[in-house]
Engineer: 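Can you read through this structure? Questions will come right after.
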Amino acid sequence: MNTTNTIKERMLNKENFQQIKTNRKMKNVIITSFILALVLASCADKSQAPAPPPPPVLPVAAISSENTTTDNEYPASIQGTVDVEIRPQVSGNLDRVLVDEGAYVSKGQSLFKINERPYREQLNNALASLHAYEAALINAQLEVDKLTPLVQNKVVSDYQLKTAKASQKIAAANIEQAKAMVASARINLGYTNVTAPVSGYIGRLPKKQGSLVSASDVEPLTTLSDVHEVFAYFSLGETDFINFKSQYAGNSLGDKIRHLPPVSLILADNNAYPQTGKIDMVDGQFDKTTGAITLRATFPNKNGTLRSGNTGRIRLGIKHDDAILVPQSATIEMQDKIFVFTLGKDNKVNKMPITVIGKSGTNYLIKDGVKSGDQIVLSGVDKLQEGQVIQPEKSTTKVAEITNKK
């Protein structure tokens with residue numbers, strides 16, 4: 001019985017072993033099939049990869065040369081035609097301040113009133129002295145009139161008459177001196193009323209009513225600016241000044257100034273002042289410290305828009321013959337250099353550095369890097385690479401005509 005059971009167990013174990021072996025073979029087949037399916041799917045994906053995109057279509061135009069004018073800007077400081085400090089001519093207490101800061105005043109208008117009483121008393125004393133000397137002259141004249149007939153009749157000696165005439169001259173001289181003292185006292189009295197020497201705008205008022213003022217004060221009573229016209233001062237370096245002089249006709253600098261076109265003033269908010277100005281002065285020498293020379297442009301300022309102390313920029317136009325212009329939109333700036341993309345063989349683009357010497361509106365004036373006849377890409381340059389192939393959209397319009405339209 002035991003032997004039979006043992007044989008049965010062995011047969012069952014053998015069957016189980018065969019079943020396990022069979023299951024393992026089936027798993028291996030399944031795994032192999034799965035891997036093969038993945039490989040086939042991968043190959044199918046590779047065979048169906050999308051084609052590369054076509055070259056970008058970009059506008060291209062030919063460069064040409066033309067006559068143009070570039071605008072150069074130079075920092076400018078603005079002053080009124082007259083900027084004057086108002087100072088007291090006499091000492092005293094400031095009785096009244098008759099104007100306010102920033103007010104417009106007319107020539108001769110009263111601005112300040114200094115206590116006049118001490119100066120009026122000085123005038124009264126001078127007048128009293130004058131009257132006394134006038135009386136003394138009358139007495140001297142009476143003495144001369146009395147002695148003249150007596151001397152003629154030889155009643156008294158000629159010496160007495162000469163002495164009387166000398167006293168008369170002294171009295172007359174004293175009158176002249178007294179008149180001068182009266183005039184001086186009147187002037188000092190007049191100085192107590194401080195008036196505007198020109199029409200213009202009042203500045204700050206550091207001295208208030210009741211302050212003690214003097215002609216020796218470091219700080220003025222105020223400043224007064226006549227700004228019906230303003231002067232805009234700006235400087236040119238030596239090279240710019242040489243180029244500036246070579247642009248305009250005339251044998252002398254004065255002749256050249258008369259041929260200068262109007263200039264524009266760009267204010268601090270980057271807007272142009274509505275009226276143009278005229279350059280009317282060039283300094284006599286260069287500043288040794290800065291190596292620059294100062295020029296002056298005069299601008300009308302009827303409405304008082306500009307004030308002394310304003311700043312801005314003078315925009316000066318300079319003519320260029322046969323200049324090459326490139327739109328700023330066709331350039332790209334990298335590491336302080338400016339580049340354009342020129343069209344080469346097989347529609348490949350070349351990244352070319354250019355030398356910019358000025359601006360004319362929205363265009364660059366080019367000195368080196370490209371020449372007339374070269375074709376450049378007009379837009380989309382920020383996404384281009386050296387040697388990239390493009391599909392040029394060529395235009396019969398030249399770059400110069402495009403920039404003129406802009």
Side-chain angles (χ1 to χ4, degrees), residues 73-90 94-114 187-209 211 213-236 254 257-258 260-269 271-284 287 292-316:
E73 295 183 356
Y74 302 92
S77 60
I78 298 171
Q79 297 180 12
T81 53
V82 177
D83 285 329
V84 61
E85 292 182 343
I86 305 300
R87 293 182 175 273
Q89 298 295 307
V90 293
L94 196 59
D95 274 354
R96 282 177 290 168
V97 178
L98 305 174
V99 291
D100 197 5
E101 296 176 337
Y104 179 83
V105 297
S106 301
K107 181 178 180 180
Q109 181 177 336
S110 295
L111 307 179
F112 304 93
K113 186 64 177 177
I114 299 174
I187 291 173
N188 287 336
L189 181 61
Y191 282 152
T192 61
N193 182 30
V194 182
T195 59
V198 295
S199 298
Y201 291 92
I202 294 293
R204 294 285 306 278
L205 298 174
K207 301 289 186 178
K208 306 302 180 184
Q209 184 174 351
S211 300
V213 298
S214 171
S216 61
D217 288 345
V218 175
E219 194 173 28
L221 293 174
T222 189
T223 57
L224 180 61
S225 299
D226 179 5
V227 291
H228 74 282
E229 287 186 332
V230 295
F231 295 145
Y233 292 93
F234 64 102
S235 298
L236 295 180
I257 289 176
R258 284 189 287 272
L260 292 178
V263 295
S264 300
L265 176 63
I266 309 302
L267 301 178
D269 61 357
N271 291 323
Y273 183 64
Q275 294 179 282
T276 58
K278 178 70 174 175
I279 295 176
D280 55 8
M281 187 280 293
V282 178
D283 201 351
D287 189 317
I293 193 168
T294 300
L295 287 75
R296 184 185 72 192
T298 302
F299 290 84
N301 188 37
K302 183 178 180 180
N303 296 328
T305 304
L306 302 175
R307 300 292 180 94
S308 289
N310 274 146
T311 59
R313 302 187 306 277
I314 292 294
R315 179 175 289 171
L316 183 63

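Atoms considered below: every heavy atom in the structure, side chains included; atoms not considered: hydrogens, waters and symmetry mates.
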Engineer: Considering all heavy atoms of both residues, which atom of Ser199 and which atom of Tyr104 are nearest to each other, and what is their separation?
Structural biologist: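 Result for this residue pair: CB-OH, 3.4 Å.
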Engineer: Looking only at heavy atoms, which two atoms of Val99 and Ser110 are closest? And how far apart?
Structural biologist: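 Scanning both residues completely, I find the closest heavy atoms to be CG1-O, 4.0 Å.
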Engineer: Can you check whether Thr298 reaches Lys278 side chain to side chain, under 4.5 Å on heavy atoms?
Structural biologist: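 Answer no - side chains too far apart.
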Engineer: Please find the pair of heavy atoms, one from Asp95 and one from Gln209, that lie closest to each other, and give the distance.
Structural biologist: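 Reported closest heavy-atom pair: O-NE2, 2.8 Å.
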Engineer: Could Arg313 and Phe234 be counted as a cation-pi pair, given that NZ or CZ must be under 6.0 Å from the ring centre and within 45° of the axis?
Structural biologist: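 No, Arg313 and Phe234 do not form such a contact.
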Engineer: Taking the side chain from Lys208 and the backbone from Leu205, do they hold a donor-acceptor pair closer than 3.5 Å?
Structural biologist: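 Between the backbone of Leu205 and the side chain of Lys208 there is a qualifying donor-acceptor contact (under 3.5 Å).
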Engineer: In the structure I gave you, are the side-chain heavy atoms of Tyr201 and Arg307 within less than 4.5 Å of one another anywhere?
Structural biologist: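 Tyr201 vs Arg307: side chains touch.
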Engineer: Using the side chain to side chain contact (heavy atoms under 4.5 Å, CB included) rule, take Leu316 and Tyr74 through it: C-alpha gap first, then chi angles, then the decisive distance, then the call.
Structural biologist: CA-CA 8 Å; Leu316 183 63; Tyr74 302 92; 4.1 Å; yes
Engineer: Nearest 0.5 Å please: distance from the CD1 atom of Ile257 over to the CG atom of Leu295.
Structural biologist: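 Output value for this atom pair is 7.0 Å.
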Engineer: Just wondering, do Gln109 and Thr195 contact through their side chains at under 4.5 Å, heavy atoms?
Structural biologist: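 The answer is no, as the side chains (C-beta and beyond) never meet within the 4.5 Å cut-off.
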Engineer: Work out which heavy atom in Leu224 is nearest to a heavy atom in Val198; give both atom names and the distance.
Structural biologist: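 So the minimum-distance heavy-atom pair works out to CD2-O, 3.2 Å.
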Engineer: So, the side chain of Lys107 versus the backbone of Gly200: is there a donor-acceptor pair under 3.5 Å, distance only?
Structural biologist: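 Flag not set: sc Lys107 to bb Gly200 has no pair under 3.5 Å.
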Engineer: What do the steps show when you test Ile114 against Tyr191 for side chain to side chain contact (heavy atoms under 4.5 Å, CB included), and what is the final call?
Structural biologist: CA-CA 8 Å; Ile114 299 174; Tyr191 282 152; over 6 Å; no
Engineer: Would you check if the side chain of Asn301 reaches a backbone N or O of Val227 as a donor-acceptor pair within less than 3.5 Å?
Structural biologist: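 Yes.
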Engineer: Where is the tightest heavy-atom contact between Phe299 and Val263, given as atom of each residue plus distance?
Structural biologist: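 In terms of heavy atoms, the two residues are closest at CE2-O, 3.7 Å.
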Engineer: About how many Å separate CG of Asp217 and CD of Glu85, when rounded to the nearest 0.5 Å?
Structural biologist: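 It is 11.5 Å, given to the nearest 0.5 Å.
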Engineer: Look only at the side chain of Arg87 and the backbone of Val218, and say whether a donor-acceptor pair between them is shorter than 3.5 Å.
Structural biologist: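 Such a contact is found between Arg87 side chain and Val218 backbone.
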Engineer: Rounded to the nearest 0.5 Å, what separation is found between the CG atom of Leu265 and the OG1 atom of Thr311?
Structural biologist: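 Spacing of CG (Leu265) from OG1 (Thr311) equals 9.5 Å.
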Engineer: Looking at CG of Asp287 and OG of Ser235, how far apart are the two atoms once the value is rounded to the nearest 0.5 Å?
Structural biologist: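 Going from the CG atom of Asp287 to the OG atom of Ser235 covers 7.5 Å.
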Engineer: Got a salt bridge between Asp280 and Arg296, using NZ or NE/NH1/NH2 to carboxylate O under 4.0 Å?
Structural biologist: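 Salt bridge between Asp280 and Arg296, a charged N being under 4.0 Å from a carboxylate O: yes.
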Engineer: Counting only N and O atoms by type, is there a donor-acceptor contact under 3.5 Å from the side chain of Ser211 to the main-chain atoms of Val213?
Structural biologist: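 Answer holds: no.
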Engineer: Using a 6.0 Å cut-off, check whether atom NZ of Lys302 has over 12 heavy atoms from anything other than its own residue.
Structural biologist: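 Counting neighbours around NZ of Lys302, 12 or fewer heavy atoms of other residues, nucleotides or ligands fall under 6.0 Å, so no.
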Engineer: In Å, rounded to the nearest 0.5 Å, how long is the span from OG1 of Thr222 to CD1 of Ile202?
Structural biologist: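 Rounded to the nearest 0.5 Å, the OG1-CD1 separation comes to 5.0 Å.
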Engineer: Going from CD1 on Ile293 to CG on Asp283, what distance comes out if it is rounded to the nearest 0.5 angstrom?
Structural biologist: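 Ile293 CD1 to Asp283 CG: 5.5 Å, rounded to 0.5 Å.
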Engineer: Tyr233 vs Gln79, test: side chain to side chain contact (heavy atoms under 4.5 Å, CB included). Steps then yes/no.
Structural biologist: CA-CA 8 Å; Tyr233 292 93; Gln79 297 180 12; 4.0 Å; yes
Engineer: Would a distance-only check, ignoring hydrogens and angles, find a side-chain to backbone donor-acceptor pair under 3.5 Å from Asn303 to Thr305?
Structural biologist: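 Between the backbone of Thr305 and the side chain of Asn303 there is no qualifying donor-acceptor contact (under 3.5 Å).
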Engineer: Any idea which heavy atoms bring Lys207 and Val97 closest together, and the distance?
Structural biologist: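 Closest heavy-atom pair between Lys207 and Val97: O-CG2, 4.2 Å.
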